[in-house]
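Remember, predicted model here, so these are calculated numbers, not experimental data. Residues: numbered from 1 along the sequence shown.
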Amino acid sequence: VSELVGELSSKNKVGFSLSGTRRIGKTSILREVERQLKTKHGIPVIYLSVWRVSPETVDQFVRVLNHATVSAFEDRLPAKFKFEELLTAGAGTLRRLLQNLKLTVGVGRDLEVSVSYVRGERDDVGDALSKSFSLVEDMAKMVDRRCVLMLDEFPSLTDLTYGSKNQKIGESVIKLARTLYEEFEFTKLVVSGSFRGTLENVVMRQRAPFYRQLLLREVKAFDDSEYSEFLKHYLPEVRFQGDAREGLYRISSGIPYSLQLLARQMHFEKV
């Protein structure tokens with residue numbers, strides 16, 4: 001957390017790739033980094049869990065990303081700006097709404113194209129995706145503030161589909177994001193994923209789109225000292241007999257989520 005907050009709040013363009021097994025705590029780390037960046041450094045953070053984009057379609061991804069971006073800059077936008085209104089307004093009304101908000105040309109164009117695509121008024125999926133990603137950078141430029149884009153469960157992008165035949169387009173989305181990210185000046189990128197997913201193909205291998213573009217960090221299970229600290233903090237009254245302490249560690253594999261579940265059950269059973 002300290003490393004990510006320090007680098008992401010600096011003036012360099014360092015981004016991160018966070019890997020680790022499922023339930024190891026990647027999302028918890030990202031949300032804490034997000035909180036500190038916002039409260040301590042005033043940095044807008046666009047957080048999106050790709051795994052929660054449902055249905056797994058490009059138009060839904062564009063919609064969710066746009067909403068997350070607007071929400072991240074909400075306190076810097078005009079009070080009358082309501083993203084939901086853009087989704088329900090007609091084409092002409094949408095253009096007038098954006099003009100009246102006095103946004104920069106880039107932000108206005110990004111919203112007009114991507115929102116129109118979500119509403120089915122445009123069919124250029126590449127342009128819509130490009131404008132949706134560019135909205136993050138253009139919003140940051142407009143308010144003259146660096147921002148951080150966090151894409152949790154990043155490998156799930158490969159499952160995105162397009163059109164009535166549900167054609168998979170995820171790999172193209174990742175390559176587009178990589179191309180755009182190279183040109184971004186105000187946006188830093190953080191992605192996360194499990195080893196069992198396709199993060200390795202996206203970030204770590206030599207031919208991966210983001211190869212050598214992000215600092216690689218692995219979230220590992222608790223070692224013995226961290227496990228001891230966990231027990232002291234959350235289960236201070238528990239007394240172990242025999243090899244029960246080692247057994248609890250072995251059963252949980254030192255994974256925080258598993259330990260929390262077991263700890264809750266121990267409290268419930270009044271162990």
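- V50 and L180 fall within a single hydrophobic cluster, where Ile, Leu, Val, Met, Phe, Trp and Tyr are joined by side-chain heavy atoms under 4.5 Å apart, directly or via other members.
- With a 6.0 Å cutoff to the six-membered ring centre and a 45° limit on the axis angle, R145 does not count as a cation-pi contact of F186.
- Note: the hydrophobic cluster containing V107 does not contain V113 (ILVMFWY, side chain heavy atoms under 4.5 Å, direct or indirect links).
- Contact record, G193 with P155: CA-CD, 3.8 Å, taken as the closest heavy-atom pair.
- Looking at every heavy atom in both residues, P256 comes nearest to R23 through CD-O, 4.4 Å.
- Using a 4.5 Å heavy-atom threshold, the side chains of V125 and V62 count as separate.
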Which is it for L262 and L248 under the side chain to side chain contact (heavy atoms under 4.5 Å, CB included) test, yes or no, and what are the steps along the way?
CA-CA 8 Å; L262 288 166; L248 180 61; 3.5 Å; yes

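- When side chains are defined from C-beta on, L65 counts as touching I46, because their heavy atoms get closer than 4.5 Å.
- Salt-bridge check for K168 with D159: passed, with a basic side-chain N closer than 4.0 Å to an acidic carboxylate O.
- You'll find the side chain of M139 stays beyond 4.5 Å of the side chain of V143, heavy atoms only.
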Could you go step by step and tell me if L149 and K188 meet the side chain to side chain contact (heavy atoms under 4.5 Å, CB included) rule?
CA-CA 6 Å; L149 172 61; K188 296 186 181 187; over 6 Å; no

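- Closest approach of L214 to L189, counting heavy atoms only: CD2-O, 3.7 Å.
- Note on residues 256-266: pairs passing side chain to side chain donor-acceptor pair (under 3.5 Å), not counting sequence neighbours, are Q265-E269.
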Apply side-chain hydrogen bond (donor to acceptor under 3.5 Å, both in side chains) to N66 and S114, showing your working.
CA-CA 8 Å; N66 277 11; S114 55; 2.7 Å; yes

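- Salt-bridge check for K175 with E171: failed, with every basic side-chain N at 4.0 Å or more from each acidic carboxylate O.
- Between the side chain of D243 and the main chain of E246, no donor-acceptor pair closer than 3.5 Å is present.
- Looking at E34 and K38, a side-chain N of the basic residue comes within less than 4.0 Å of a carboxylate O on the acidic one, giving a salt bridge.
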Please evaluate residues R63 and S132 with respect to the criterion side-chain hydrogen bond (donor to acceptor under 3.5 Å, both in side chains), reporting the C-alpha separation (whole Å), side-chain torsions for both, the decisive distance (0.1 Å), and the verdict.
CA-CA 8 Å; R63 177 174 183 158; S132 187; over 6 Å; no

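- For the pair E153/V191, no side-chain contact is recorded, criterion being any heavy-atom separation below 4.5 Å from C-beta on.
- With hydrophobic clusters built from ILVMFWY side chains whose heavy atoms lie under 4.5 angstrom apart, V45 does not share a cluster with W51.
- Between the CD1 atom of I29 and the CE atom of M150 there is a distance of 10.5 Å, given to the nearest 0.5 Å.
- The side chain to side chain donor-acceptor pair (under 3.5 Å) check on E56 picks up nothing, with sequence neighbours excluded.
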If you apply the rule side chain to side chain contact (heavy atoms under 4.5 Å, CB included), what do you find for I169 with T161, and how did you get there?
CA-CA 6 Å; I169 194 176; T161 60; over 6 Å; no

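- No side-chain donor from either of Y117 and D59 sits under 3.5 Å from a side-chain acceptor of the other.
- A donor and an acceptor atom, one from each side chain of T187 and E137, are located under 3.5 Å apart.
- In plain terms, the two heavy atoms of S253 and A221 that are nearest each other are O-CB, 3.4 Å.
- Centroid-to-centroid, the aromatic rings of Y227 and F222 stay 6.0 Å apart or farther.
- Surrounding CD of E7 are more than 12 heavy atoms belonging to other residues, nucleotides or ligands, all under 6.0 Å away.
- Stacking of K13 on the aromatic ring of Y181 is recorded, both the 6.0 Å distance cut-off and the 45° axial limit being met.
- Shown here is R109, whose CZ atom has more than 12 heavy atoms of other residues, nucleotides or ligands within 6.0 Å.
- To the nearest 0.5 Å, atoms CG (L111) and OG (S134) are separated by 11.5 Å.
- With a 4.5 Å cut-off on side-chain heavy atoms, M266 and L235 count as touching.
- Checked by atom type and distance alone, the side chain of K26 pairs as donor or acceptor with a backbone atom of T21 at under 3.5 Å.
- Heavy-atom minimum distance, V14 versus F16: CG1-CE1, 4.0 Å.
- Annotation: the span from K40 atom NZ to R35 atom CZ amounts to 6.5 Å, rounded to 0.5 Å.
- The line from OG of S130 to CG of L135 is 11.0 Å long, rounded to the nearest 0.5 Å.
- L8 approaches I43 most closely through the heavy-atom pair O-CD1, 4.0 Å.
- For CG of N12, the number of neighbouring non-hydrogen atoms (other residues, nucleotides, ligands) closer than 6.0 Å is greater than 12.
- Here the side chains of F61 and L129 are in contact, with some heavy-atom distance below 4.5 Å.
- Within 6.0 Å of CD on E229 lie no more than 12 heavy atoms contributed by other residues, nucleotides or ligands.
- Between S192 and L30 the shortest side-chain heavy-atom distance falls below 4.5 Å.
- Judged as a salt bridge (charged side-chain N to carboxylate O under 4.0 Å, His left out), and not counting sequence neighbours, K220 has no contacts.
- For the pair S19/V219, no side-chain contact is recorded, criterion being any heavy-atom separation below 4.5 Å from C-beta on.
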Applying side chain to side chain contact (heavy atoms under 4.5 Å, CB included), run through Q36 and R31 and close with a yes or a no.
CA-CA 9 Å; Q36 292 193 24; R31 298 319 295 254; over 6 Å; no

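- Using cut-offs of 30° and 60° for the angle between ring planes, the F230 and Y234 rings count as tilted.
- How far OG of S116 is from CG of D127: 10.5 Å, rounded to the nearest 0.5 Å.
- The line from CG of L4 to CG of L18 is 6.5 Å long, rounded to the nearest 0.5 Å.
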